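Below, each value reflects all heavy atoms present in this structure, side chains not excepted, and no hydrogens, waters or symmetry copies. Bear in mind that the values here come from a model prediction, so they are computed numbers and not experimental data.
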Amino acid sequence: QVQLVESGGRLVQAGGSLRLSCAASGRTGSINAMGWFRQAPGKERNFVAALVWSGANTNYADSVKGRFTISIDNAKNTVYLQMNSLQPEDTAVYYCAAKKVRSAAPQASLYDYWGQGTQVTVSS
């Protein structure tokens, strides 16, 4: 099993920045890709960004391209999501996910493990 713990979510003003972290533990050797998803109240969970474990390939939702950056520290088994130029529409619970198959896929159904989420609130 793999455990994922997100951190870094908080209230921030529009135009501000945040960095989310996701620490993986357990059978991390089985992980070949990780991603970030978000879910706003009353809405479905949507893809934000993903990368393969080596960090060589990344994938972003159109809504965050140029503002968000996903990265990984393999030594710490930790994935980060740097979020800049935050807007109120970025308000959501952000979830970290991991998958065994090596692809930075946007489909939530392809991910095997999920964290509990961290709340990001952007005020206008």
S.K.: If we ignore hydrogens and angles and just use 3.5 Å, is the side chain of Glu6 paired with the main-chain N or O of Cys96 as donor and acceptor?
M.R.: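 Answer holds: yes.
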S.K.: Can Met83 and Val120 be said to form a side chain to side chain contact (heavy atoms under 4.5 Å, CB included), step by step?
M.R.: CA-CA 10 Å; Met83 305 186 294; Val120 173; 3.9 Å; yes
S.K.: What's the separation between atom CD1 in Ile72 and atom OG1 in Thr58, rounded to the nearest 0.5 Å?
M.R.: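 It is 12.0 Å, given to the nearest 0.5 Å.
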S.K.: When hydrophobic residues are tied together by side-chain contacts of less than 4.5 Å, even through go-betweens, does Val64 share a cluster with Tyr95?
M.R.: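 Result: no, two separate clusters.
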S.K.: Quick check: does any side chain N or O of Tyr60 sit under 3.5 Å from a backbone N or O of Ile70, one acting as donor and the other as acceptor?
M.R.: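 Yes: the side chain of Tyr60 pairs with the backbone of Ile70.
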S.K.: Within the structure provided, determine whether Trp114 and Arg45 are in side-chain contact (heavy-atom separation under 4.5 Å).
M.R.: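 The answer is yes; the side chains approach within 4.5 Å.
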S.K.: How close do Phe47 and Ala61 get, heavy atom to heavy atom, and via which atoms?
M.R.: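 What the structure gives for the nearest pair is O-CB, 3.4 Å.
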S.K.: Would you say Gln116 has more than 12 foreign heavy atoms packed within less than 6.0 Å of its CD?
M.R.: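 At most 12 heavy atoms, drawn from other residues, nucleotides or ligands, come within 6.0 Å of this atom.
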S.K.: Checking Phe68 now: which residues fulfil ring pair (Phe, Tyr, Trp, His ring centres under 6.0 Å) with it, not counting sequence neighbours?
M.R.: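 Partners of Phe68 under the ring pair (Phe, Tyr, Trp, His ring centres under 6.0 Å) test: none.
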S.K.: What are the two closest heavy atoms between Gln87 and Gly15, and how far apart are they?
M.R.: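 The answer is NE2-N, 4.2 Å.
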S.K.: With distance as the sole test, does Asp112 use its side chain to make a donor-acceptor pair with the main-chain N or O of Lys100 at under 3.5 Å?
M.R.: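 Yes.
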S.K.: Does a side-chain heavy-atom distance below 4.5 Å link Arg102 with Asn57?
M.R.: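 A side-chain contact under 4.5 Å exists here.
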S.K.: Restricting to non-hydrogen atoms, name the atom on Ser63 and the atom on Arg38 that form the minimum distance, rounded to 0.1 Å.
M.R.: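 The answer is OG-NH2, 3.5 Å.
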S.K.: Any side-chain to backbone donor/acceptor pair from Thr118 onto Tyr94? Under 3.5 Å, distance only.
M.R.: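 Pair absent, no side-chain N/O of Thr118 close to backbone of Tyr94.
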S.K.: Is Val48 reachable from Tyr111 through a run of hydrophobic residues whose side-chain heavy atoms are each under 4.5 Å from the next?
M.R.: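 No, because Tyr111 and Val48 fall into different hydrophobic clusters, even though each may have its own neighbours under 4.5 Å.
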S.K.: Please report the shortest heavy-atom distance between Val122 and Thr91, naming the atom on each side.
M.R.: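 The answer is N-OG1, 2.9 Å.
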S.K.: Tell me whether Trp53 is reachable from Leu51 by hopping between hydrophobic residues (I, L, V, M, F, W, Y) whose side-chain heavy atoms are closer than 4.5 Å.
M.R.: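 Yes, it is one cluster - the side chains of Leu51 and Trp53 are joined through contacts under 4.5 Å.
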S.K.: Given Leu18 and Leu86, is the side chain to side chain contact (heavy atoms under 4.5 Å, CB included) satisfied, shown in steps?
M.R.: CA-CA 8 Å; Leu18 277 179; Leu86 284 161; 4.1 Å; yes
S.K.: Would Arg19 count as a cation-pi partner of Tyr80, with NZ or CZ less than 6.0 Å from the six-membered ring centre and within 45° of the ring normal?
M.R.: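 Yes - Arg19 lies over the ring of Tyr80, closer than 6.0 Å to its centre and within 45° of its axis.
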S.K.: Atom NZ in Lys99, atom OG in Ser109: separation rounded to 0.5 Å?
M.R.: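 The NZ atom of Lys99 sits 9.5 Å away from the OG atom of Ser109.
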S.K.: Identify the two heavy atoms, one from Ala24 and one from Leu4, that lie closest to each other, and give their separation to 0.1 Å.
M.R.: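 Scanning both residues, the minimum pair turns out to be CB-CD2, 3.7 Å.
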S.K.: What is the distance from atom OG1 of Thr28 to atom NZ of Lys76, rounded to the nearest 0.5 Å?
M.R.: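 Going from OG1 on Thr28 over to NZ on Lys76, the span is 15.5 Å.
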S.K.: Indicate the atoms forming the closest heavy-atom contact of Gly9 with Leu20, along with that distance.
M.R.: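 For Gly9 versus Leu20, the nearest heavy atoms are N-CD2, 3.6 Å.
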